[in-house]
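Below you'll find the structure I mean.
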4 protein chains.
Amino acid sequence: MPERRRGAVRSEAARTSILTATARLFAERGYDHLSIESIAAAAGVGKQTIYRWWPSKGFLVAECLLEGMLLPERLEPPDTGDLRTDLISWLEEIFRVLESPNGEGLMRSLIAAAAENDEVGKRLGASLGGLSLMSRINAQDEASGISPGAAREIVEALVGAVVMRALSRTPIESGDAERLVQAVLGVAVS
Amino acid sequence: MPERRRGAVRSEAARTSILTATARLFAERGYDHLSIESIAAAAGVGKQTIYRWWPSKGFLVAECLLEGMLLPERLEPPDTGDLRTDLISWLEEIFRVLESPNGEGLMRSLIAAAAENDEVGKRLGASLGGLSLMSRINAQDEASGISPGAAREIVEALVGAVVMRALSRTPIESGDAERLVQAVLGVAVS
Amino acid sequence: MPERRRGAVRSEAARTSILTATARLFAERGYDHLSIESIAAAAGVGKQTIYRWWPSKGFLVAECLLEGMLLPERLEPPDTGDLRTDLISWLEEIFRVLESPNGEGLMRSLIAAAAENDEVGKRLGASLGGLSLMSRINAQDEASGISPGAAREIVEALVGAVVMRALSRTPIESGDAERLVQAVLGVAVS
Amino acid sequence: MPERRRGAVRSEAARTSILTATARLFAERGYDHLSIESIAAAAGVGKQTIYRWWPSKGFLVAECLLEGMLLPERLEPPDTGDLRTDLISWLEEIFRVLESPNGEGLMRSLIAAAAENDEVGKRLGASLGGLSLMSRINAQDEASGISPGAAREIVEALVGAVVMRALSRTPIESGDAERLVQAVLGVAVS
DNA sequence: GGCTAATCGAGACGGTACGTCCCGTCTTTAG
DNA sequence: CTAAAGACGGGACGTACCGTCTCGATTAGCC
């Protein structure tokens, strides 16, 4: 027996409008300066309805991230067969986001959220496409010159480099994606 | 004549006790939850004295970082001549900090500060030893198999990987430093 | 035919446990700090069940008052034939309630409820025994030296004096009941 | 030495506008429905400025009462030499306030405040003129037929009767003041 | 027996207000 | 002119309740 709960059921309309409002305000104002109060007001919802389902704004942002409401596109690496080229395309896509208006601010907000909230932290890498990338590399281990089991380290290094770019406020220059892949993947795979 | 301003001069005692209090509270409570009010109280100082000299708590933290009051040790890579070994030692040192009690929390607080404040962001990499590492690699370019001009990318990738570790809440395992260096520097340099 | 409604009938168990819970919480926490939510929880009842039958907590308290669940005893004046003595006994009884632990708080809660809710207000005097006292005095008018038709004023003055005692936080001293009757009834009736 | 305190001094402007706003909102909305938040907004003041100086809205109302900002007129009994006539005039004045638009509501709000807050409770009687009346009666003890030391009881009874009128929602009729004085002062003084 | 209607418990919902924390600014007194 | 102290207007926090509503379950008269 599924042990039915009693009482009114959770309102999907409220949930949706809260997440939408969160995503919008996150993009507009950044993670700091994002307040539960303003989310509630923008969503046309009582504050308690937010606190009933999410412990803090960090988890709200985490759920938005999971639903793909924060990043403008699906940042998955393409698969043309040539890993190196795919990596470069992928990084260039990410860099393009970073260079878009307020793109860096959005990324830094994401980092701030990841620093404060466990859920966001655990999902940050995957949201940038790291997860599918890892399994992709793992599958190709033998075929490429990459040492086996290094997938995690490579992805960590590449995503980490992107994060450092956002944190260090260094402007991105053309060719950066290629140089980065070159540095991490090494000469051997060229 | 050096054009001395009239009136009382800035109190060094106040400055020091403010920075000390900031560093202590930063370590205890993290970047969020760090408040100017509590710093002033802990330092035995009026709030105005803080606002007179620093624009926000971010800059306070930046100055602490610059003075080496936030990280427990000097995180400079050693120089034994063997770059690969030095990198591993350096990363192991950083990982050791991460594994110390609240070490990860401290690192995440640093990242949060870097995400919010430009100064902290610009200095984060250097504070972890990235700056001296870069010049070291640049100097050795020809000697090693590293492609010329890749120093920045390599350091970015390594430091970035560390940052991702802290953000993703992945526990560190023995050998991780070596694997990371292996992945980034590639087989060719072994 | 009494035009019976269809559907389930009002649950007497719910009604009783609501009133009991109300009376208990009223005594424990006072009229302010008394919440429908806590009554419902204490009574093991849904909030709607309360709102279905009572418009507000004021009416709940009014019904408790009417059922004698709020005041510890029946505060009716005795009837020995000697009005003056009876009045003194009655006031002494009320004063005894006031002096009991939290007795004054209870009385003030009752006054607060009376100030907010019409029903409670109209019943307050009667609950303290004023109603039966009035008819008693009216019946004795000629026999005593009391001017005819003054019953209402006398009762109002006596009960009012008790209320003022509770409001003014003046401690009660022995003999107060007698002095009060003396002041209101005057020397002529002694 | 007067042990001078440091730091900015309390703003009289803020204090005044808070009390004015309190008095206005008290008259408009009553003691329940009076909220610190609305007072702060109406006074153009931060909530903390209220909480810094008053523990609760009860004390705010108490201070307004003390400054005579709540009751429309000075409700002191006149002194023509004839106590009975003066008492009647005084009660008629109070009854006139009760009969004015929202006058009864104001009185009940005052009673509610008195029931909740000690300060208001202690001052309620005095604010209605009870204090000056008591000393007046005491001074005349021998001259009148009033038993010595009965001043407090008489005032308590009279003011209490007024309070009961407000609580019981009984409409006031012409001659009520006289009947009340008659009942309390007795035939002897007629 | 099935239908309809009312009740009950539970509890989600949009709101208001609470009392607290902290912001960044301003004011006061002391050195 | 700096400094400690601290009051100020304001924004947001997370919590408590308000009164309404929506559920599923139960109960009782009616066809």
Side-chain angles (χ1 to χ4, degrees), chain A residues 4-15 17 33-41 43-53 55-57, chain B residues 4-11 13-15 33-41 43-53 55-57, chain C residues 3-11 13-15 33-41 43-53 55-57, chain D residues 4-15 33-41 43-53 55-57:
Chain A
R4 281 313 227 109
R5 15 173 276 77
R6 284 193 291 180
V9 88
R10 176 172 185 182
S11 155
E12 179 59 25
R15 181 182 164 274
S17 88
H33 310 121
L34 182 64
S35 74
I36 297 276
E37 206 129 284
S38 61
I39 294 174
V45 139
K47 277 200 287 179
Q48 199 56 44
T49 302
I50 297 182
Y51 284 110
R52 198 170 1 247
W53 302 109
S56 71
K57 68 171 178 173
Chain B
R4 272 303 233 112
R5 247 165 37 282
R6 280 192 297 175
V9 86
R10 176 172 186 183
S11 155
R15 180 180 165 277
H33 310 123
L34 183 64
S35 73
I36 296 278
E37 209 126 286
S38 62
I39 293 173
V45 138
K47 280 200 289 176
Q48 197 58 254
T49 304
I50 297 181
Y51 283 110
R52 203 175 348 254
W53 303 108
S56 74
K57 70 171 176 170
Chain C
E3 172 78 56
R4 271 303 232 120
R5 241 162 47 280
R6 279 194 295 181
V9 87
R10 175 172 189 182
S11 154
R15 179 181 166 276
H33 312 121
L34 183 65
S35 73
I36 298 277
E37 208 126 288
S38 62
I39 293 173
V45 138
K47 281 201 290 175
Q48 197 58 256
T49 304
I50 297 181
Y51 284 110
R52 204 178 343 259
W53 304 109
S56 74
K57 68 171 178 172
Chain D
R4 279 312 229 110
R5 10 174 281 78
R6 282 195 290 181
V9 88
R10 175 172 187 181
S11 155
E12 180 59 24
R15 180 181 166 275
H33 310 120
L34 182 63
S35 76
I36 297 277
E37 208 128 283
S38 61
I39 293 173
V45 140
K47 276 200 286 178
Q48 200 56 47
T49 302
I50 297 182
Y51 283 111
R52 202 174 351 254
W53 303 109
S56 72
K57 68 171 177 171

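Order of the sequence lines sets the chain letters (A, B, ...), proteins ahead of strands, with each chain counted from 1.
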(message) List the residues meeting side chain to side chain donor-acceptor pair (under 3.5 Å) with B/Q48, not counting sequence neighbours, and say none if there are none.
(response)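 Partners of B/Q48 by the side chain to side chain donor-acceptor pair (under 3.5 Å) criterion come out as none, since no residue qualifies.
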(request) Look at the side chain of D/K47 and the base of E/dG19, then say whether one donor and one acceptor between them are separated by less than 3.5 Å. (result)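 Flag set: donor-acceptor pair detected.
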(message) Protein within reach of the bases, or only the backbone? For nucleotides 2-8 of chain E, mark each nucleotide 5' to 3' as B, S or -, using heavy atoms under 4.0 Å.
(response) --SBBSB
(request) Might you point out which heavy atoms bring D/A40 and D/G46 nearest each other, and give the distance in Å? (result)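 Of all heavy-atom pairs spanning D/A40 and D/G46, the closest is CB-C, 4.4 Å.
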(message) Looking at every non-hydrogen atom in both residues, tell me the closest pair between A/L34 and A/K57 and how far apart they are.
(response)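 In this case the closest contact between A/L34 and A/K57 is O-NZ, 3.2 Å.
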(request) Using whole Å, report how far CD1 of C/I50 lies from P of E/dA10. (result)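 In whole Å, E/dA10 P and C/I50 CD1 are 12 Å from each other.
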(request) Find the distance B/Y51:OH to F/dC8:P and express it as a whole number of Å. (result)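 The distance from OH of B/Y51 to P of F/dC8 comes to 18 Å, rounded to the nearest Å.
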(message) On DNA chain F, compare the nucleotides closest to D/A43 and A/S56; which residue's is nearer the 5' end?
(response)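 Closer to the 5' end of DNA chain F: D/A43.
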(message) Go nucleotide by nucleotide along DNA chain E from the 5' end; which of D/K57 and B/K57 gets its closest nucleotide reached first?
(response)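 It is D/K57 whose nearest nucleotide is closer to the 5' end.
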(request) Report the residues that fulfil side chain to side chain donor-acceptor pair (under 3.5 Å) with B/S38, sequence neighbours left out, ordered by chain and then residue number. (result)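 Expected list: B/R29, B/S35.
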(message) Would B/R10 pass as a cation-pi partner of B/W53, given that its NZ or CZ must be under 6.0 Å from the six-membered ring centre and within 45 degrees of the axis?
(response)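 The answer is yes, since B/R10 meets both limits relative to B/W53.
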(message) I need the residues from residues 33-40 of chain A with at least one non-hydrogen atom less than 4.0 Å from DNA chain F; give them sorted by number, or say none.
(response)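 Here the set is A/S35, A/I36, A/E37.
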(message) Using the side chain to side chain donor-acceptor pair (under 3.5 Å) criterion, which residues pair with B/K47? Sequence neighbours excluded.
(response)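 Once residues adjacent in sequence are excluded, the partners of B/K47 under the side chain to side chain donor-acceptor pair (under 3.5 Å) criterion are B/E37.
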(request) Apply side chain to side chain contact (heavy atoms under 4.5 Å, CB included) to B/A43 and list each qualifying residue two or more places apart in sequence or on a separate chain. (result)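 Only B/S17, B/I18, B/A21, B/V45 meet the side chain to side chain contact (heavy atoms under 4.5 Å, CB included) criterion with B/A43.
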